[in-house]
Enquirer: 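Below: one structure in structure tokens.
Please read all numbers here as calculations on a predicted model, not as lab measurements. All chains are named by letter (A, B, ...) in the order of the sequence lines, taking the proteins before the strands, and each is independently numbered beginning at 1. Note that these values count all heavy atoms, side chains included, but never hydrogens, waters or copies made by symmetry.
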2 protein chains.
Amino acid sequence: MGRRGAGRPRAGEEPLTRERILGAALRLVDAEGMGALSMRGLGAELGVDPMSIYHHLPGKEAVVSGLVRMVYGEVRVSSAGGEGWRERVRGFARAHRDLARAHPNLVLQLVSSAPSGAATEAMLAASEPLFEALESAGLSAREVLGVVDLVADYVHGFVLAEVAVHSEPSDHRASLRELLEERPAGEFPAMRRVFGSISRKELRYDFDSGFESGLDVIVAGVEHLARGR
Amino acid sequence: MGRRGAGRPRAGEEPLTRERILGAALRLVDAEGMGALSMRGLGAELGVDPMSIYHHLPGKEAVVSGLVRMVYGEVRVSSAGGEGWRERVRGFARAHRDLARAHPNLVLQLVSSAPSGAATEAMLAASEPLFEALESAGLSAREVLGVVDLVADYVHGFVLAEVAVHSEPSDHRASLRELLEERPAGEFPAMRRVFGSISRKELRYDFDSGFESGLDVIVAGVEHLARGR
DNA sequence: ACCTGAACACCGTTCAAGT
DNA sequence: ACCTGAACACCGTTCAAGT
């Protein structure tokens with residue numbers, strides 16, 4: 001089915017490699033989503049019989065995990081040395097949000113393979129600035145490890161919500177408010193008060209400032225930890 | 001292919017309903033994972049032709065989102081009234097972690113549909129105690145909405161990591177340390193210091209206390225916000 | 001009204017065969 | 001050594017037909 005005949009690649013045609021396969025897979029996923037990533041479709045994208053891929057990667061699972069590793073390898077944390085630890089913690093979080101936003105169709109795979117081993121090696125270098133920042137904030141080793149996880153978990157949850165909501169037309173806060181208004185008046189008084197005392201403009205969710213104010217709370221919590229010593 | 005012949009159900013056999021279908025689907029997913037959930041397999045589990053399901057639910061997507069709604073409907077936040085706001089915030093977070101741990105094979109779907117509309121209605125009642133707690137902590141309406149998202153994002157990221165790591169044999173922190181030791185000595189000094197000054201026992205990750213210490217930091221951050229008024 | 005089963009257009013992967 | 005294509009055992013879903 002491929003464009004070429006069987007056998008070795010002809011002179012002048014670039015041979016199939018792991019890199020070329022993963023590159024094509026990433027283009028496919030970025031452009032058309034995870035659902036478009038099939039071994040057959042990938043073969044077509046490469047102008048090659050689908051089965052040729054199996055000579056470079058053991059199966060579809062390996063294609064996906066290779067994709068995840070490849071994307072995590074792209075992460076660059078801007079560690080402007082002169083900044084305080086607060087700004088360096090934020091820089092780490094922002095770099096990971098940016099990574100996820102660069103490949104929204106891969107976010108589910110990114111966040112669910114980050115904790116397991118798949119991506120650890122690729123994230124090693126990116127994690128150093130975060131460890132360094134938390135250490136210089138005055139945390140104990142135990143506390144550093146805890147906060148590293150907290151920051152990672154928050155970013156993962158946030159980007160998951162961000163891409164899920166972006167792929168929908170309606171504002172999720174506005175629809176929550178509507179849901180609330182359809183209910184009997186006595187129900188959910190606290191939520192009613194919160195949504196009632198906020199303007200429509202304030203209700204419109206801004207992901208950038210939402211992300212930052214989540215970080216505000218975390219940084220304030222870390223400060224509390226550091227003072228406790 | 002079904003055990004029954006075509007036509008209406010015979011007297012004495014319970015008819016196929018949305019509830020029976022979703023119940024069977026949840027059993028299937030809990031027992032054998034998301035990969036085992038196929039329309040054909042679900043039909044077999046119900047002793048029915050796979051196509052019969054389409055008379056009660058429009059397709060597989062509807063089965064999955066029905067599952068998510070069903071499970072979110074199970075959440076019960078223990079709101080012991082006498083507790084302070086700190087303990088009520090923690091109670092909300094714990095209830096959601098417990099929900100995810102009760103259905104680990106569904107976690108990916110749970111966390112990725114929570115932010116979009118799918119589960120909002122089912123979570124309305126469960127969210128009231130969190131709003132109430134944050135309000136009574138002294139936060140503004142704007143701040144309450146921000147912290148609600150922070151808590152939800154943290155829990156989502158945490159449970160994702162928890163189930164991903166649990167389905168693996170090795171401890172992820174231990175393997176990070178090993179990775180570090182294989183590197184040239186000058187590399188990643190901060191991570192080396194952190195991992196070096198912690199005992200093997202401390203390194204063994206405990207999800208329960210990890211979850212709680214993440215909440216510690218968040219609660220401390222909320223306290224900072226509340227004092228700022 | 002509800003259920004069935006053949007058919008269609010897909011999957012991932014194995015394996016023997018080609019050059 | 002590398003690539004191919006037929007074949008196998010699956011998918012979700014449409015649609016005409018059964019009772």
Side-chain angles (χ1 to χ4, degrees), chain A residues 1-26 28-29 31-68 105-106 108-109, chain B residues 1-26 28-29 31-68 105-106 108-109:
Chain A
M1 232 264 183
R3 289 200 333 260
R4 299 200 294 262
R8 316 253 278 277
R10 299 209 205 86
E13 293 194 0
E14 28 191 354
L16 203 51
T17 60
R18 213 188 103 99
E19 282 65 43
R20 236 159 62 76
I21 293 169
L22 292 180
L26 189 56
L28 211 61
V29 169
E32 307 183 47
M34 217 43 177
L37 182 64
S38 70
M39 298 304 270
R40 287 159 139 101
L42 189 52
E45 175 87 9
L46 288 159
V48 128
D49 186 282
M51 290 309 109
S52 303
I53 301 166
Y54 286 82
H55 286 274
H56 301 91
L57 288 155
K60 191 183 181 179
E61 232 172 80
V63 174
V64 175
S65 74
L67 227 45
V68 168
N105 295 334
L106 202 63
L108 229 64
Q109 281 69 32
Chain B
M1 232 264 180
R3 288 203 332 262
R4 297 202 295 263
R8 317 253 280 278
R10 300 209 206 88
E13 292 194 1
E14 29 193 350
L16 204 52
T17 60
R18 215 187 102 98
E19 281 67 41
R20 235 158 63 77
I21 293 169
L22 292 180
L26 188 56
L28 210 60
V29 170
E32 307 183 46
M34 217 42 176
L37 182 64
S38 71
M39 297 303 270
R40 287 160 139 100
L42 190 50
E45 174 86 10
L46 288 158
V48 130
D49 188 282
M51 291 308 111
S52 302
I53 300 166
Y54 286 80
H55 287 274
H56 301 90
L57 287 156
K60 191 184 180 177
E61 233 172 79
V63 174
V64 175
S65 73
L67 227 44
V68 168
N105 296 333
L106 202 62
L108 230 64
Q109 281 69 34

Enquirer: Can you give me the closest heavy-atom contact between B/R20 and B/P15, atom names plus distance?
Expert: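 For B/R20 and B/P15, the tightest heavy-atom pair comes out as NE-O, 3.1 Å.
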Enquirer: For B/M34 and B/V29, run side-chain contact (heavy atoms from CB on, under 4.5 Å): C-alpha distance rounded to whole Å, both residues' side-chain angles, the deciding distance at 0.1 Å, then the answer.
Expert: CA-CA 5 Å; B/M34 217 42 176; B/V29 170; 3.8 Å; yes
Enquirer: Rounded to the Å, how far apart are B/L46 CG and C/dT4 C1'?
Expert: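 Atom-to-atom, B/L46 to C/dT4, this comes out as 15 Å.
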Enquirer: Taking side-chain contact (heavy atoms from CB on, under 4.5 Å) as the test, write out the residues that go with B/E32, two or more places apart.
Expert: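 For B/E32, the residues satisfying side-chain contact (heavy atoms from CB on, under 4.5 Å) (neighbours in sequence not counted) are B/L28, B/A36.
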Enquirer: Taking DNA chain C as the partner, which of residues 31-43 of chain A come within under 4.0 angstrom of it by heavy atom?
Expert: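 Heavy-atom cutoff 4.0 Å gives A/L37, A/S38, A/M39, A/R40.
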Enquirer: Report the residues that fulfil side chain to side chain donor-acceptor pair (under 3.5 Å) with A/Q109, sequence neighbours left out, ordered by chain and then residue number.
Expert: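 Partners of A/Q109 under the side chain to side chain donor-acceptor pair (under 3.5 Å) test: none.
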Enquirer: Quick one: closest heavy-atom pair of B/L67 and B/A25, and the distance?
Expert: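 Nearest heavy atoms, B/L67 then B/A25: CD1-CB, 3.8 Å.
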Enquirer: Using a cut-off of strictly less than 4.0 Å between a heavy atom of the residue and any atom of DNA chain D, enumerate the qualifying residues of residues 52-65 of chain B by number.
Expert: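 Residues of residues 52-65 of chain B under 4.0 Å from DNA chain D: B/Y54, B/G59, B/K60.
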Enquirer: Note every stem involving DNA chain C: at least three consecutive Watson-Crick or G-U wobble pairs, i with j then i+1 with j-1, with both distances under 3.5 Å.
Expert: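 DNA chain C forms these stems: C:4-8 with D:12-16, C:12-16 with D:4-8.
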Enquirer: Please name the pair of heavy atoms, one in B/P50 and one in B/M39, separated by the smallest distance, quoted to 0.1 Å.
Expert: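 Where B/P50 meets B/M39 most closely, the heavy atoms are CB-O, 3.7 Å.
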Enquirer: Rounded to whole Å, please give me the gap between CG in B/D49 and P in D/dT19.
Expert: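 Distance, rounded to whole Å: 15 Å.
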Enquirer: Whole Å only: how far is the CE atom of B/M51 from the P atom of D/dC11?
Expert: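 It works out to 11 Å between those atoms.
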Enquirer: Looking at every non-hydrogen atom in both residues, tell me the closest pair between B/L46 and B/A24 and how far apart they are.
Expert: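 Distance-wise, the nearest heavy atoms are CD2-CB, 3.7 Å.
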Enquirer: Which atom pairs, donor and acceptor, lie under 3.5 Å between side-chain atoms of residues 51-63 of chain A and protein residues at least two apart or in another chain?
Expert:
unit_1: A/S52; atom_1: OG; unit_2: A/D49; atom_2: O; d: 3.2
unit_1: A/H56; atom_1: NE2; unit_2: A/L16; atom_2: O; d: 2.9
unit_1: A/K60; atom_1: NZ; unit_2: A/L37; atom_2: O; d: 2.8

